[in-house]
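Remarks on the structure that follows.
Proteins get letters first, then strands, A, B, ... in listed order; numbering begins at 1 in each. Scope of the values below: all heavy atoms of this structure, side chains included, with no hydrogens, waters or symmetry mates. Values in this document were obtained by computation on a predicted structure and should not be read as measured data.
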Amino acid sequence: MDDQPRLMHAHAAVGMSGHPGLSQHIQDNTGATDGDGRKQDIGDILQQIMTITDQSLDEAQARKHALNCHRMKPALFNVLCDVKEKTVLSIRGAQEEESPDAQLMRLDNMLLAEGVSGPEKGGGAAAAAAAAAASAGVGADNATEHSDYRAKLTQIRQIYHTELEKYEQACNEFTTHVMNLLREQSRTRPISPKEIERMVNIIHRKFSSIQMQLKQSTCEAFMILRSRFLDARRKRRNFNKQATEILNEYFYSHLSNPYPSEEAKEELAKKCSITMSQVSNWFGNKRIRYKKNIGKFQEEANIYAARTAVSAASVSAHGSQTNSPSTPNSAAMRTYDHRLQ
DNA sequence: GGAAATGATTCCGA
DNA sequence: TCGGAATCATTTCC
């Protein structure tokens, strides 16, 4: 609180003796070239301002009122504002003018894209749909997980908006308070509307930085949620028995070349209700594990070979003469075994 | 509870 | 871009 008197003293002092151009300034601003009378007025006003803090509250209030009504007050106020503008505020320089923050823009864009900010309709639906597609084949759990994801996204969204509203409210309240304070003080201190506006901008920037932290936290929360949802390893399910059998049948019946074509992968994916990449993964794993331990898989290979042989024989017996690639072929098995060694 | 099995991911080379 | 290899993370089995 005692900054105010000090400032007043300082400016008054500058006005009276420290600033050689003040008299000229006043003359320029008022057009008063006629004289000692007005200089005397100004001297009186400055003297009253300087001594105002020595008085009781009531006296000071009365003095303030008298000063505000003084005919020279507007001119003196303009001059002091001008002096202050040139001496104090110029130090701050142009550095206050900042370019739009790229990071803030990135955060805003991300929050908008993911449906956290902006209109709620379908917010995050795209992400949820993508996530659901990524985990295709998991089956009935999908719907549950999807709604779980959306519920958590909504929760993040709600927290974000609540906090954002709080910050905005606080910002508005604080800004109004500061503006009122400065307007009130501008009755006795050289505070121009421009300076009030600058102060408001400073407050907004401070609150913006707080908002940026909020946005950053929201983005992080969202990223964690999504990575958990999308990370298939966290919710891996073994394929069902039927799917595994279909894949094994294909593998052992094509042992000479266990590399299904795109069409074959697509068909297998359909049959097993899994994605093509899951088929690729399965064959990748199977080949490497078979190669690593042929002995262990030999029994399994025999079982599937026998089963396929029976099936082929049955087809053959029905007069359906085919040369299907799924025909059991122990020679082929030996070929792949050989290739792998 | 620990080992084995299994599906997914990552890195690297052809 | 695809496949091999290593590895991770989870599930299943004992």
- Message: Measuring from the side chain of A:Lys292 (C-beta onward, heavy atoms only), which nucleotide among C:dA6, C:dG4, B:dA8 has the closest atom?
- Response: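 Nearest to the side chain of A:Lys292 among the choices is C:dA6.
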
- Message: Given the structure, check if the side chain of A:Arg289 and the base of C:dG4 hold any donor-acceptor pair shorter than 3.5 Å.
- Response: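 Between C:dG4 and A:Arg289, which were checked side chain against base, a qualifying N/O pair under 3.5 Å is absent.
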
- Would you state whether a donor and an acceptor, one from the side chain of A:Asn285 and one from the base of B:dA8, lie under 3.5 Å apart?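 Looking at the base of B:dA8, it does pair with a donor or acceptor on the side chain of A:Asn285 (distance under 3.5 Å).
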
Looking at every strand, decide which applies to [X] at a 4.0 Å heavy-atom threshold: base, sugar-phosphate, or nothing.
| X | answer |
| --- | --- |
| A:Lys296 | sugar-phosphate |
| A:Lys241 | nothing |
| A:Phe283 | nothing |

- Message: So, OP1 or OP2 of B:dA5: does either fall under 4.0 Å of a side-chain N or O from A:Lys286?
- Response: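 False: A:Lys286 side-chain N/O out of range (4.0 Å or more) of B:dA5 OP1/OP2.
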
- Message: Quick check on C:dG4: is either OP1 or OP2 less than 4.0 Å from any side-chain nitrogen or oxygen of A:Tyr290?
- Response: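 Looking at the OP1 and OP2 atoms of C:dG4, neither is under 4.0 Å from any side-chain N or O of A:Tyr290.
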
For the pair made of [atom1] in [X] and [atom2] in [N], what is the distance, rounded to whole Å?
| X | N | atom1 | atom2 | value |
| --- | --- | --- | --- | --- |
| A:Ile288 | C:dG4 | CD1 | P | 7 Å |
| A:Lys291 | C:dG4 | NZ | C1' | 7 Å |
| A:Asn281 | C:dG4 | CG | P | 13 Å |
| A:Asn248 | B:dG7 | CG | P | 9 Å |
| A:Trp282 | B:dT9 | CH2 | P | 18 Å |

- Contacts of A:Lys166 that satisfy salt bridge (charged side-chain N to carboxylate O under 4.0 Å, His left out) - sequence neighbours left out: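 Once residues adjacent in sequence are excluded, the partners of A:Lys166 under the salt bridge (charged side-chain N to carboxylate O under 4.0 Å, His left out) criterion are A:Glu163.
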
- Item | Residues that A:Thr244 engages under side-chain hydrogen bond (donor to acceptor under 3.5 Å, both in side chains), provided they are two or more places apart |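 If we apply the side-chain hydrogen bond (donor to acceptor under 3.5 Å, both in side chains) test to A:Thr244, skipping adjacent residues, there are no hits.
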
- Query: Quick one: do A:Lys271 and A:Glu267 make a salt bridge, cutoff under 4.0 Å?
  - Reply: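 Salt bridge: yes.
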
- So, the side chain of A:His254 versus the backbone of A:Tyr250: is there a donor-acceptor pair under 3.5 Å, distance only?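 Indeed, once roles are kept as given, a pair shorter than 3.5 Å links the two residues.
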
